[in-house]
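Okay, so here's the structure we're looking at.
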2 protein chains.
Amino acid sequence: MARAVSNQPTEVELQILRILWESGGSTAREVHNALTEIKGTTYSTTVKMLSVMLEKGLVRRDETATPQVYRAAMSQKVTQKKMLGDLIEKVYNGSALSLVLQALSSGKASADELAEVRKMVDELEGKKP
Amino acid sequence: MARAVSNQPTEVELQILRILWESGGSTAREVHNALTEIKGTTYSTTVKMLSVMLEKGLVRRDETATPQVYRAAMSQKVTQKKMLGDLIEKVYNGSALSLVLQALSSGKASADELAEVRKMVDELEGKKP
DNA sequence: AAAGAGTAGCGAATTCGTTCGTCACGTCAA
DNA sequence: TTGACGTGACGAACGAATTCGCTACTCTTT
């Protein structure tokens with residue numbers, strides 16, 4: 001048998017989604033121009049990927065426009081939350097806390113960033129005292 | 001052409017690793033017993049997966065023991081960090097901060113957990129005043 | 001109208017992940 | 001010793017992901 005279909009976007013799909021999130025909407029050509037810089041694949045591949053993603057519902061397209069314009073079907077934020085939740089579930093045994101602690105202790109956080117995290121914690125604690 | 005090999009463990013591989021992390025080391029039979037509860041696959045499949053993972057270097061095995069004992073080649077913590085870093089890179093455009101903020105704002109954090117996060121922030125700030 | 005250029009779609013080819021059937025071997029009890 | 005049983009190794013098979021070649025259209029431009 002084969003592996004089950006993942007509900008998560010794959011590697012390349014994610015790269016394309018990032019391009020679309022940044023642009024807000026692009027033609028196949030525009031997506032290709034951005035994609036080929038990091039992947040070196042052909043135009044044909046890009047178009048195929050877009051059509052696959054269309055079938056999966058990952059992107060929508062405006063067919064009235066010429067050339068057609070593609071947009072991400074889901075916002076970046078929603079997608080991030082989904083994938084984050086998935087990681088927490090599958091890799092952190094459902095513990096968001098240990099993920100957060102590990103992300104912080106990775107040592108990449110600047111003072112400013114730590115301050116932001118603190119602010120967020122303050123806010124959340126204010127809501128449930 | 002086909003897709004490139006990912007350096008990250010796949011879905012099933014991850015499930016097996018979690019079993020091994022928890023047990024600290026198991027025979028194929030033991031892994032299978034745990035795996036079949038969530039997957040319903042055959043013993044043959046489990047053994048095959050283990051041998052694939054052995055080739056990939058995801059697990060080691062003690063061949064002197066009978067039956068052979070498998071252990072995860074990498075600690076859970078290291079694997080988590082790798083996968084977390086990957087997610088940050090590919091989904092959060094390299095910003096650990098936005099991942100942390102999103103994880104916190106998901107609203108799943110209890111008061112105790114928030115306190116732990118605060119403690120971590122305190123510690124980190126203490127190191128770079 | 002014919003040539004040129006870009007857009008879109010289809011299907012084939014390739015590799016990976018996953019699953020399983022089957023065979024070979026070793027051990028242990030009857 | 002022989003038969004039952006568990007362990008382990010292959011290789012086949014299938015679907016998913018990815019890549020690309022080729023064809024068909026649609027506009028321009030000459």
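Hydrogens, waters and symmetry mates play no part in the numbers below; they use all other heavy atoms, side chains included. The sequence lines fix the lettering, A, B, ..., with proteins before strands; numbering per chain opens at 1. Keep in mind it's a predicted model, so treat the numbers as computed, not measured.
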Counting heavy atoms from C-beta on, name the nucleotide in [options] closest to the side chain of [X].
X	options	answer
B/Arg29	D/dG6, D/dT19, D/dA9	D/dG6
B/Val47	C/dC20, D/dG8, D/dT19	D/dG8
A/Ser44	C/dC10, C/dC20, C/dT18	C/dC10

Taking all heavy atoms of [X] and all of [Y], pick out the closest pair and write down the distance.
X	Y	result
B/Ser98	B/Tyr92	OG-CD2, 3.6 Å
B/Val91	A/Gln80	O-NE2, 2.9 Å
B/Gln68	B/Glu63	CG-CA, 4.1 Å
A/Ser105	B/Lys81	OG-NZ, 4.4 Å
A/Val121	B/Leu114	CG1-O, 3.9 Å

Atom [atom1] of [X] to atom [atom2] of [N]: distance rounded to whole Å?
X	N	atom1	atom2	value
A/Glu11	D/dT18	CD	P	8 Å
A/Met53	C/dG9	CE	C1'	17 Å
B/Glu55	C/dC16	CD	P	12 Å
A/Lys39	D/dC20	NZ	P	9 Å
A/Ile38	D/dT19	CD1	P	11 Å
B/Gln15	C/dG17	CD	P	15 Å
A/Leu58	D/dA17	CG	P	10 Å
B/Leu50	C/dT18	CG	C1'	13 Å

Closer to the 5' end of DNA chain C via nearest nucleotide, is it A/Tyr43 or A/Ala4?
->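 Looking at DNA chain C, the more 5' nearest nucleotide goes with A/Tyr43.
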Does [N] have its OP1 or OP2 closer than 4.0 Å to a side-chain nitrogen or oxygen of [X]?
X	N	answer
A/Lys56	D/dA17	yes
A/Lys48	D/dA17	no
A/Thr42	D/dC20	yes
B/Ser51	D/dA9	no

To the nearest 0.5 angstrom, please state how far the CG atom of B/Leu101 sits from the CE atom of A/Met120.
->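 One finds 4.5 Å between CG of B/Leu101 and CE of A/Met120.
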Are A/Lys82 and A/Asn7 close enough, and set up right, to give a side chain to side chain contact (heavy atoms under 4.5 Å, CB included), and what steps lead you there?
-> CA-CA 10 Å; A/Lys82 266 197 177 184; A/Asn7 51 328; 5.5 Å; no
Could you check which residues of residues 60-75 of chain B get a heavy atom under 4.0 Å from DNA chain D? Sort them by number, please.
->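 Nucleic-acid contacts, sorted: B/Arg61, B/Pro67, B/Gln68.
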If you look at every strand shown and take non-hydrogen atoms under 4.0 Å, does B/Thr10 touch a base, only sugar-phosphate, or nothing?
->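 Sugar-phosphate: the residue B/Thr10, judged by heavy atoms under 4.0 Å, touches backbone atoms but no base.
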Neighbour count above 12 (heavy atom, 6.0 Å) for B/Arg60 CZ =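 Not buried by this count: 12 neighbours or fewer within 6.0 Å.
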Between A/Thr41 and A/Ser6, just flag the one whose closest nucleotide in DNA chain D comes earlier from the 5' side.
->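 In this pair, the answer is A/Ser6.
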